[in-house]
Amino acid sequence: MSAPVSTRTVGPYRLIAQIGEGGMGVVYLADAPNGSRVAVKVLRPGVVGDAHGRSRLAREVTSLRRVRSPRIAEVYDADPWGETPYVVTRFVAGPSLREVVGSRGSLTGADLHRVAGGLAEALVVVHRADVLHRDVKPSNVLLEAGDPVLIDFGLAQLSDDMTLTQAGWLLGTPGYLAPEILYGEGPTPAADVHAWAATVVFAATGSGPYGSGPAMAVMDRARRGEFDLSVVPSPMVPVLTAALRMDPANRPTARQVVEWLGVSARGIVPAPAPTVIPRQPPAVAPQPAPAIAPRQTPPSPAQAPVVPFRAAPVGSTALTPLVDAYPGRLRRVVLWLCVSFLLLAGVVAAPVVAVVWAVLLGWALRTLAVATSSVREWRQSRGPRRRDTMLCVLALPWFAARRLVASLVNAACLLAVAGGFVALGRFGPAVGERPALVVAGLVVAAVSWWGPLTRDVRRGAAHVTSSLPRSGLALAVVLVLLLGVACGLLALQQVVGTSYLPLSSR
């Protein structure tokens with residue numbers, strides 16, 4: 001229910017009625033200068049904070065303006081520097097998902113599929129703009145003519161310095177927070193996917209996946225991955241199970257969820273940022289509110305193109321689930337191929353050095369896999385502690401010793417394979433040294449990845465890949481460097497021949 005307010009303006013916007021309130025501020029329905037209806041969120045002073053916090057809000061709003069989709073309540077305008085800071089978004093005329101489920105009961109069939117797919121589309125758009133929501137939950141999903149619209153995206157990042165003492169609210173809501181967030185790790189798009197799944201479970205059952213009760217009890221079940229999907233309609237169970245996995249590296253991306261659900265992803269590419277220019281910080285902090293700088297009026301919500309939402313038939317068996325594909329799987333495959341090509345080039349140019357390098361790399365990845373698993377077990381048994389990282393660093397020699405035997409077994413296999421092919425090229429019947437070394441490089445790469453006792457190698461590599469920057473440019477730079485070094489080794493081998501150092505001869 002909206003609450004009328006006395007005649008009041010915030011910036012050039014005339015407030016009409018209060019339509020919501022949360023930890024960050026109060027939301028009003030307002031009239032824009034061009035006559036359109038917008039939602040104005042007046043932020044609490046504690047959320048914005050000092051000049052540093054206001055600068056952060058200005059940067060955040062600049063990135064949020066890049067996001068345009070019918071599934072998003074877009075940001076139109078903001079004033080971080082005024083006496084009363086505010087953010088203006090598209091007004092969505094509809095109740096929240098929490099209100100709908102509370103008054104009419106849980107969603108089923110096509111309605112549930114429509115909400116799940118539309119919300120996943122919203123996350124695709126948000127993540128494409130390199131923005132995280134961090135607080136996906138039923139109260140932040142509004143239903144406009146039955147279609148979901150995600151609100152407050154990105155703005156939850158302003159609460160980094162807030163504490164749990166504020167309305168039980170810290171970078172999200174208990175029951176919808178991903179396990180890694182509760183263990184003290186940084187947020188990623190995988191955390192938003194987890195929150196998407198928890199929200200869909202609420203839409204389907206009227207309760208979150210981790211049950212109800214005190215916040216600490218709910219968060220404890222979330223930390224242990226003890227979710228309940230027994231009441232969820234069976235067509236949704238596979239994708240929700242994958243999205244609620246404990247390890248964020250094993251969850252599907254929002255794009256994979258959209259593809260699995262079979263929804264139309266047309267029209268979800270972010271549009272160019274609007275022409276409204278945010279105010280700049282004042283040169284000297286004034287005591288009264290700064291004067292309102294002239295600017296263009298925000299675009300009318302009616303101007304935004306509406307893309308029809310098309311849901312696939314509920315329960316369709318023709319769809320091939322993609323939920324078992326790891327997020328970023330294609331990226332990991334491309335990286336592995338480049339590393340394998342580098343290893344092949346190393347074997348051709350300097351077989352002994354390349355094999356030693358492969359053994360040491362495998363040992364390092366095994367150690368990393370054991371370290372991350374140990375930290376996760378510590379946090380599951382006694383909760384996150386600030387000294388976990390320091391303890392992990394101090395224990396690295398022990399973790400490395402635990403994987404020494406596996407590394408030596410793999411080293412013996414690599415040496416046997418490489419030595420056999422080198423001998424075949426040197427003394428075999430007209431095989432040729434270079435072809436034998438090329439085959440040796442391919443086999444060494446395969447044995448390093450899929451040979452005996454290499455499961456921890458793959459786990460460690462997955463952790464490294466998930467920690468790399470998600471920017472396409474950063475990935476391209478890494479790939480170019482790997483390929484450049486590999487090509488340089490092959491060119492060097494063409495000039496000076498194969499080196500068998502540190503051995504004195506072949």
Side-chain angles (χ1 to χ4, degrees), residues 1-3 17-23 26-29 37 39 41 69-74 89-123 125-126 133 135-153 156 169 172-177 192-212 218 227-237 239-240 243-244 254 257-258 261 263 301 306-312 314-315:
M1 294 293 293
S2 61
Q18 179 179 332
I19 57 176
E21 184 174 6
V26 182
V27 184
Y28 296 95
L29 174 65
R37 292 290 173 88
K41 171 166 282 191
S69 169
R71 306 278 78 81
I72 293 293
E74 302 97 332
T89 65
R90 173 164 69 96
F91 171 64
V92 181
S96 70
L97 178 60
R98 179 172 292 280
E99 293 171 341
V100 170
V101 173
S103 61
R104 306 176 195 171
S106 57
L107 305 182
T108 59
D111 291 335
L112 176 62
H113 195 272
R114 189 178 188 183
V115 168
L119 187 56
E121 281 189 346
L123 288 182
V125 179
V126 172
H133 191 287
D135 198 17
V136 179
K137 58 184 179 181
S139 59
N140 278 341
V141 180
L142 303 184
L143 297 183
E144 186 177 42
D147 288 327
V149 179
L150 187 60
I151 64 174
D152 277 354
F153 68 101
W169 176 99
T173 302
Y176 300 90
L177 288 168
D192 280 349
V193 172
H194 177 280
W196 166 85
T199 301
V200 174
V201 172
F202 174 86
T205 65
S207 177
Y210 302 106
S212 57
V218 174
F227 54 85
D228 181 12
L229 303 182
S230 59
V231 191
V232 176
S234 56
M236 284 287 181
V237 170
V239 66
L240 293 177
L244 292 172
V257 170
V258 167
L261 294 175
V263 296
V306 178
V307 179
F309 177 85
R310 299 180 181 179
V314 177

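Side-chain atoms are counted along with the backbone in the values below, which use heavy atoms only and exclude waters and symmetry mates.
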Which atom pair, heavy atoms only, marks the closest approach of Ala254 to Ala120? CB-O, 4.0 Å
Tell me, do Asn140 and Leu97 make a side-chain contact under 4.5 Å, heavy atoms counted? no
Are the side chains of Tyr176 and Phe202 in contact, using a 4.5 Å heavy-atom criterion? yes
If you look at every heavy atom in Val27 and Ala39, which pair is closest and at what distance? CG1-CB, 4.2 Å
Donor-acceptor pair, distance only, cut-off 3.5 Å: does the side chain of Asp228 make one with the backbone of Pro209? no
Could you grab the distance from atom NE2 of His133 to atom CG of Asp192, nearest 0.5 Å is fine? 7.5 Å
Do Asp147 and Arg114 make a side-chain contact, defined as non-hydrogen atoms from C-beta onward lying under 4.5 Å apart? yes
Decide yes or no on side-chain contact (heavy atoms from CB on, under 4.5 Å) for Leu244 and His194, but give the supporting numbers first. CA-CA 5 Å; Leu244 292 172; His194 177 280; 3.6 Å; yes
I want to check something: taking the side chain as every heavy atom from C-beta on, are Pro148 and Val141 in contact at a cut-off of under 4.5 Å? yes
Residue pair Ser96 / Pro138: nearest heavy atoms and the distance that separates them: CB-O, 3.9 Å
Any heavy-atom pair between the side chains of Leu150 and Leu123 that's under 4.5 Å? yes
Do Glu144 and Arg90 have side chains that approach each other closer than 4.5 Å (heavy atoms only, starting at C-beta)? yes
Taking all atoms of both residues into account, what is the closest heavy-atom pair of Leu112 and Pro233, and its distance? CD2-CG, 3.9 Å
Shortest non-hydrogen separation from Val92 to Ala73 and the atoms involved: CG2-CB, 4.1 Å
For Leu143, the option from Val149, Asp111, Val100 that meets side chain to side chain contact (heavy atoms under 4.5 Å, CB included): Val100
For Tyr210 and Phe227, take the angle between the two ring planes, folded into 0 to 90°, and tell me which bin it lands in: parallel under 30, tilted 30 to 60, perpendicular over 60. perpendicular
Determine whether Leu240 and Val200 make a side-chain contact, defined as any pair of heavy atoms from C-beta on separated by less than 4.5 Å. yes
Between Val26 and Gln18, is there a side-chain heavy-atom distance shorter than 4.5 Å? yes
Working note: Tyr28 + Ile19, criterion side-chain contact (heavy atoms from CB on, under 4.5 Å); need CA distance, chi angles, decisive distance, verdict. CA-CA 5 Å; Tyr28 296 95; Ile19 57 176; 5.7 Å; no
Tell me the closest heavy-atom pair linking Leu142 and Ile151, and the distance in Å. CD1-CG2, 3.8 Å
Counting N and O atoms only, with roles assigned by atom type, does the side chain of Trp196 sit under 3.5 Å from a partner on the main chain of Val257, one being a donor and the other an acceptor? no
Run Met236 and His113 through side-chain contact (heavy atoms from CB on, under 4.5 Å) and show every step you take. CA-CA 8 Å; Met236 284 287 181; His113 195 272; 3.9 Å; yes
